[in-house]
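This report refers to the structure that appears directly beneath it.
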Amino acid sequence: MTLLSSSDRKYRRPPRTPLLPQKSDDHSFDAHGSGFDGASTSGAVFNLSTTIVGAGIMGLPATVNQLGLIPGLLTIICVSMLTESSIDMILRFSRASKSSTYSGVVADAFGGLGRNILQACIVINNLGMLVVYMIIIGDVLSGTSEDGFHHRGVMEEWFGEHWWTTRSALLLFTTLFVFAPLISFKRVNSLRYTSALSVGLAVVFVAITAGVVIVKLMEGKIGMPRLMPKLVNQASFWKLFTTVPVVVTAYICHHNILPIENELKDPTQMKSIVRKSLALCTSVYIATSFFGVVLFGDHTMDDVLANFDGDLGIPYSSLLDDLVRVSYSLHLMLVFPIVFFSLRLSVDGLLFPYTIPIALDDRRFFLITVALMGFILMGSNCVPSIWDAFQFTGATAAVCVGFIFPAAITLRNTHGIATKNDRLISWMMIFLAVSTSTMAVTSDIYSFFSVDEGITS
């Protein structure tokens, strides 16, 4: 029997629970007749990749366009490397503290207050992402209105305007028939097949974009993309710093690292799984950003999906537009339950930190799930234009979850396992996180008081 540290016993709940998954040598679930014998490596790679690749992928082409093609792609690679370092810190300190959750690792270093702050950041980040997912799905299926002009959704284009093609009806149907079954699972490993399909749909988007670029290059219809940032005035310079939190948000997966590891047949493979997932996602991000910038240039929208709402200049353009929008909408539907998994766990940890595990209390599991889905559904219907608000709060919370907390745990070094290199990387992560977030917030505030004549996104 594994002995827990005193801090972990104080700040974590019992380990025998599906939502705080145990190592594969813990057979508590077999006792309940589940027959679970540990997750496979491939399933873990897909689940982690799905956690990473969400709506953030659609903001990367505009980000790279602002930075310029060369600095933009290098930024994606650098953030990927820092993400791997921060995840490695979490994994090593989780083993030293014998904690099975990210919040348990933070509690071991900073006590209950640190744990609560982390869980609040995860809730803000994940809740914001899920509302944005629902908004995008609603925009794709039922359309959206902007500046008095209505952009028709695919359901309106295909079937016309009916009560069942309205935004509210389509999101309700999606919630009842897609989300409800998927978020009812109590193991993240149960989502491995939908995660694999989700990654496949992201690859479909990249393949279609690459195909359009190749066809237009052969026809000589594509110019040279901007390789470096275009600096016109002070506002355009400060705007460059708003791109880093966007890239950081695209790599946030830290809240699901330990639940995925603890379900593995062989937990020692987790480091390899992280590297494979980050390599896969970075490849998808680079390809999406490169082909998106080459295809749309300075006309790249903040959400590149909006660029697939018109004539692409090649045959079957309308069909390709619909295929891109529908495949990406399905991708978000399959990403949703992975993000919801950690959101539900964090909310339960904040509200009921010392009760029995949520997976062993069906009533609490049901009530928290319904309450969260109700809030997300209401937000996506009543507040259909919240990109700026959630970019502000989500990016700030994401920076804390992805960089500041792992670095702070390492610098605290409760168990004396941090190396000099670890401390150097930690200080670098904190400096980059604080400086870029501060500059991004300052830039957003500055934009309210000045006319930005800089880079168009």
Indicate yes or no for a side-chain donor-acceptor contact from [X] to the backbone of [Y] under 3.5 Å, with no hydrogens or angles considered.
X	Y	answer
Ser342	Val339	yes
Thr369	Phe365	yes
Arg364	Thr355	no
Asn421	Ile425	no

- Note on the structure: Across all chains, not counting sequence neighbours, the side-chain hydrogen bond (donor to acceptor under 3.5 Å, both in side chains) partners of Thr51 are Asn256
- Message: Going by side-chain hydrogen bond (donor to acceptor under 3.5 Å, both in side chains), name the residues that satisfy it together with Thr63, two or more places apart in sequence or in a different chain.
- Response: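 Expected list: none.
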- Ala408: side chain to side chain contact (heavy atoms under 4.5 Å, CB included) partners, not counting sequence neighbours: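 Ala408 satisfies side chain to side chain contact (heavy atoms under 4.5 Å, CB included) with Phe110 once adjacent residues are dropped.
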- Can you name the residues that form a side chain to side chain contact (heavy atoms under 4.5 Å, CB included) with Val206, not counting sequence neighbours? Val284, Ala287, Thr288
Taking all heavy atoms of [X] and all of [Y], pick out the closest pair and write down the distance.
X	Y	value
Val399	Ala433	CG1-CB, 3.1 Å
Ala398	Asn125	CB-OD1, 3.4 Å
Ser86	His254	OG-NE2, 2.9 Å

- Establish, yes or no, whether a centroid distance under 6.0 Å links the rings of Phe340 and Phe185.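 No, they do not, as the ring centres are separated by 6.0 Å or more.
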- Taking the six-membered ring for Trp, are Phe205 and Phe291 ring centroids under 6.0 Å apart? no
- Message: Would you call the rings of Phe173 and Phe177 parallel, tilted or perpendicular, taking 30° and 60° as the class edges?
- Response: tilted
- On the 0 to 90° scale, with breaks at 30° and 60°, tag the Tyr251-Tyr285 ring pair as parallel, tilted or perpendicular.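 Perpendicular: the ring planes of Tyr251 and Tyr285 meet at over 60°.
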- Given side chains that start at C-beta, do those of Asp108 and His415 come closer than 4.5 Å, heavy atoms only?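 A side-chain contact exists here, since the closest heavy-atom pair is under 4.5 Å.
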- Message: Quick one, Leu82 with Val248, criterion side chain to side chain contact (heavy atoms under 4.5 Å, CB included). Give me CA distance, side-chain angles, the key distance, then yes/no.
- Response: CA-CA 10 Å; Leu82 287 176; Val248 172; over 6 Å; no
- If you look only at pairs with a residue in residues 428-438, which of them pass as a salt bridge (charged side-chain N to carboxylate O under 4.0 Å, His left out), with sequence neighbours excluded?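 Counting only pairs at least two positions apart or across chains, no salt bridge (charged side-chain N to carboxylate O under 4.0 Å, His left out) contact touches residues 428-438.
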- Task: Sort and list the pairs that fulfil salt bridge (charged side-chain N to carboxylate O under 4.0 Å, His left out) and have at least one residue in residues 72-92, not counting sequence neighbours.
- Result: Glu84-Arg275, Asp88-Arg92, Asp88-Lys271, Arg92-Asp422
